[in-house]
Structure formats: C-alpha cells, structure tokens
Amino acid sequence: MSSFDPHWCRQHFPALARQHEGHSAVFLDGPAGSQVPRGVIEAISQYLVDCNANHGGVFVTSMESDALLERAHHAVADLLGSSDPGTVFFGQNMTSLTFAFSRALARTWQAGDEVIVTRLDHDANVTPWVLAARDAGATVHQVGFRHDDCTLQLDEFARVLSPRTRLVAVGCASNAVGTINPVQEIITQAHAVGAQVFLDAVHYAPHASIDVTAWDCDYLACSAYKFFGPHIGILYGKRPLLESLPAYKVRPAPDDLPGRWMTGTQSHEGIAGVLAAIDYLSALGRHLNPTASTRREALTSVFDAIQRYERGLGAYLLEELARIPDVRIWGITDPQRLHQRVPTVAITHAQRSSQEVATALARQGIFVWAGNFYALTLTETLGLEPDGLVRLGLLHYNTRAEVERLLDALHGL
Ligand SMILES: Cc1ncc(COP(=O)(O)O)c(C=O)c1O
C-alpha cells in the first residue's frame with residue numbers, strides 16, 4: 001500500500017493552480033462544491049465532441065452515448081456499494097431529486113402517519129419531507145442535537161420513533177459542523193418499527209466510503225459536485241421500493257429501472273463527468289493499493305486513505321484553532337472523537353462577524369463560506385442567525401501548508 005500524497009492528487013486539479021493577487025488560492029469551500037480533476041473536464045468536452053446525442057437512437061452516437069450512461073450507472077453503483085446499477089439514478093441536484101421523490105413517497109402515506117427529520121440537517125433533507133407530510137396529513141417530528149458538540153439527541157430519536165413512523169430522513173454528515181451521524185444505528189432502530197430511512201450523503205460522499213448494502217438504507221441521495229464531479233444529483237433506492245412506488249412520469253417514458261425515476265433528458269455530458277470523477281477516485285485507489293482487484297475495492301481503499309489523511313489535517317486545524325482566543329469552534333473538538341466528524345469545521349469570531357472573517361480571508365486568497373449553508377434549523381437552534389458561522393472545509397487536496405496560511409490569517413484578524 002503506498003502512502004497518501006496530497007501533492008500527487010493536486011496535480012490532477014487544474015483549478016488549484018489559481019493565483020489571487022499574488023497568493024496561491026486556498027480552496028476551503030469544498031462543502032459548497034469541490035474542484036474537479038482534469039479527467040472530468042476532458043470527459044465533459046469529449047462527450048460533446050464524440051457522442052452528443054439523445055437516448056435510444058439506432059445510430060452510432062446515440063448508441064455510444066447510451067453505453068457511456070450505462071457505464072456511469074455501474075460506476076455510481078460501485079461508489080455507493082450497490083451491486084445493481086438499476087438502483088441509482090441521476091437528476092438535476094439532490095434538492096430537486098428529493099422534492100420529486102418525496103412527493104411520490106408521500107402518496108403512500110396517510111393521516112396519522114409520522115415522519116422524523118433532524119435539526120442538524122441541510123434543509124434539502126428537511127423541507128421536502130415537511131411539505132410532503134403536510135400534503136399527506138402526516139405528522140413531523142424534528143429530532144434535536146446537543147449544543148455542546150452538535151451530535152444528534154439519539155434518546156429523543158428513540159422516543160419519537162414508533163410503529164406510526166413511515167420515514168426517517170437523516171444526514172450522514174452535517175455540512176455545517178461536520179458531525180457524522182450514527183446512521184447504521186438509526187437504520188436498525190427505524191427498521192425495527194417498520195420505518196424506512198432516507199439518507200442525505202451529500203456532505204459525507206467526498207470524505208468516506210458509502211455502503212448502501214451494509215447500511216441497509218432504503219434511499220440515499222448525494223451530489224457529484226461535492227465529490228469532484230459536475231453539478232448532478234444522484235439518488236439510490238432499493239429495487240423493490242423503486243419498482244413499486246408511484247413515480248410521476250410522462251408517457252411514453254420507460255417504466256423500468258432506472259428510467260422510471262429519470263424525468264426528461266439528462267445532462268449526458270455531466271453524467272460523463274460523474275463517471276470521470278469516479279474514475280479519478282478509483283485510479284487514486286489503485287495507485288494507493290495496487291492489489292485492489294475491483295473498482296469497489298479501489299474506492300474503498302481510496303476512502304480509507306482519504307479519511308486517515310483528512311483526520312490528521314483536521315486534528316491539526318482543530319488543535320490550532322483552539323489556541324486562537326477569539327475563535328469558538330462549533331461541533332466535536334475532542335481529539336479522541338475525530339472518527340465522529342469530517343474535517344468541516346465551523347467557527348465564530350468574538351470580534352468579527354462571520355461575513356467579515358470570510359471577507360478578510362478572501363482578500364488573502366483563502367476561500368471560505370460564511371452563513372448558514374442551508375443548515376438553517378441548526379443555526380437558528382444555536383441562536384446564530386442572521387450572521388451564521390464561518391465554514392472551513394478541508395478536502396483530500398488541501399495541505400498542511402494551506403491550513404498554516406489559514407491559521408496565520410485568523411491570528412492576524
Ligand atoms: C448536506 C447537504 N445536503 C443537501 C445539499 C443540497 O444539494 P444540491 O445542491 O445538490 O441540491 C447540500 C448542498 O450543499 C448539502 O451540503
């Protein structure tokens with residue numbers, strides 16, 4: 001097994017060479033969208049040159065396009081840990097897919113049914129379910145989180161879960177404070193009362209391996225633009241559920257999988273880019289573990305390495321942030337509990353607003369977001385509206401030298 005080298009990775013990302021007023025840009029905005037490797041850029045333009053065509057034609061470009069789309073379904077199935085490429089489908093983004101899917105799912109609910117969402121989640125995994133429940137006459141419970149470390153109140157979850165619960169919607173990792181939720185425990189408990197589970201893996205996907213089969217989740221959504229691909233949403237569902245749920249579709253669109261859930265013409269060039277993003281990750285996995293015999297194995301290897309590297313870099317960031325008197329960190333900081341978080345670190349500053357901090361960093365070429373990042377219930381619950389948080393998002397292409405620059409800049413505020 002070779003050791004992980006962020007510099008090997010960085011050479012694949014042309015955007016990382018960007019300069020800003022004499023400084024190398026530091027991209028800590030990954031939670032809002034990662035940069036893409038060269039292979040993704042090339043695959044998108046190559047698609048448009050070589051086989052730009054609609055679906056189902058009898059001529060060569062359409063057939064090549066369809067073959068590429070099928071390869072992309074296989075690649076995404078490997079990424080998510082499904083053995084069935086028909087169980088993954090594409091759409092505009094996670095929010096649109098979740099809204100569409102929630103309407104179909106809610107057609108199976110009725111008054112008296114219950115749905116559980118959390119206060120930790122991005123609103124894309126909250127409001128679609130709240131509105132769908134409203135339309136079906138179902139009741140919604142919102143599970144809270146501990147304010148000291150931003151972890152879910154699992155005792156409250158266990159209290160509101162009941163045989164009336166039809167769906168539990170929960171995130172794999174918080175896009176605001178980085179908490180990894182114990183999704184397997186939640187799924188086991190939900191299934192014990194007959195409830196289904198919808199996982200939002202958008203924030204988790206660039207950091208760790210997803211395994212829909214081992215987790216036994218019913219549905220899972222993610223977005224390729226967070227894991228080094230283009231702006232495309234992805235949804236997984238268990239085959240019997242996807243086959244039996246009432247999909248909203250036009251005539252004469254196919255009624256088989258995955259077609260029955262993919263409305264209209266997709267961004268084929270974008271899907272070519274998704275395939276290339278997974279190719280990048282699996283090539284890195286094979287570079288790190290040349291004995292990996294399948295793409296899934298290579299992907300598991302790459303995420304093991306990414307997780308180890310990011311945990312070390314995150315530990316350094318958290319330790320050094322704690323030394324800056326005006327900075328407060330929101331979320332898990334205990335070095336013994338770093339396996340319960342991804343390296344997305346939310347801070348506030350005692351003397352500066354979050355916008356001021358982000359603006360000061362931006363002037364030095366350090367790109368971070370300030371605000372609520374659509375994790376609105378979280379910032380409201382913590383009393384942090386309207387200023388919100390400053391989000392420092394590390395990905396596997398970030399380096400210790402970049403973190404040092406960030407820390408220097410924060411010290412200098
Ligand atoms: C955790 C999480 N869920 C959902 C979304 C929404 O994803 P999309 O932009 O694909 O709709 C985001 C986007 O930032 C996110 O971070």
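For clarity, every value in this text was computed on a predicted model and none was experimentally measured. Just so you know, ligand 1 is whichever comes first in the structure, and atom 1 is the first atom listed for that ligand. Note: hydrogens, waters and symmetry copies are ignored here, and every other heavy atom, side chains too, is used.
- The shortest contact between atom 10 (O) of ligand 1 and any protein heavy atom is with Ser223 OG, 2.4 Å.
- Here the heavy atom of the protein found nearest to atom 11 (O) of ligand 1 is Thr95 OG1, 2.5 Å.
- Judged purely by distance below 3.5 Å, without hydrogens or angles, the side chains of His23 and Gln364 never pair a donor atom with an acceptor atom.
- Protein heavy atom in closest approach to atom 15 (C) of ligand 1: His122 CD2, 3.2 Å.
- Closest to atom 14 (O) of ligand 1 among all protein heavy atoms lies Lys226 NZ, 2.6 Å.
- Comment: Arg103 does not engage Asp135 in a salt bridge, judged by the lack of any side-chain N to carboxylate O separation of less than 4.0 angstrom.
- In this structure, of Asn175, Val126, Ile232, Ile234, the residue bringing a heavy atom nearest to atom 16 (O) of ligand 1 is Asn175.
- The part of Asp200 lying near ligand 1 is the side chain, judged by heavy-atom distances below 4.0 Å.
- Of all the heavy atoms of Val202, the ones lying under 4.0 Å from any atom of ligand 1 belong exclusively to the side chain.
- Qualifying side-chain contact (heavy atoms from CB on, under 4.5 Å) partners for Glu243, counting only residues two or more places apart in sequence or in other chains: Arg239, Leu257.
- When side chains are defined from C-beta on, His73 counts as touching Pro258, because their heavy atoms get closer than 4.5 Å.
- The side chain of Tyr225, and not its backbone, has at least one atom closer than 4.0 Å to an atom of ligand 1 (non-hydrogen atoms only; side chain from C-beta on).
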Atom pairs and distances, side-chain donor-acceptor, residues 263-276, under 3.5 Å, sequence neighbours left out:
| residue | atom | partner | partner atom | Å |
| --- | --- | --- | --- | --- |
| Ser267 | OG | Gly270 | N | 3.1 |
| His268 | ND1 | Tyr47 | OH | 3.1 |
| His268 | ND1 | Ala53 | O | 3.1 |

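- Taking the ring centre of Tyr316 as origin, the terminal cationic atom of Arg400 falls inside the region bounded by 6.0 Å and 45° from the ring axis.
- With a 4.0 Å cut-off on non-hydrogen atoms, Met94 touches ligand 1 through its backbone as well as its side chain.
- No salt bridge links Glu156 with Arg159; every basic N to acidic carboxylate O contact stays at or beyond 4.0 Å.
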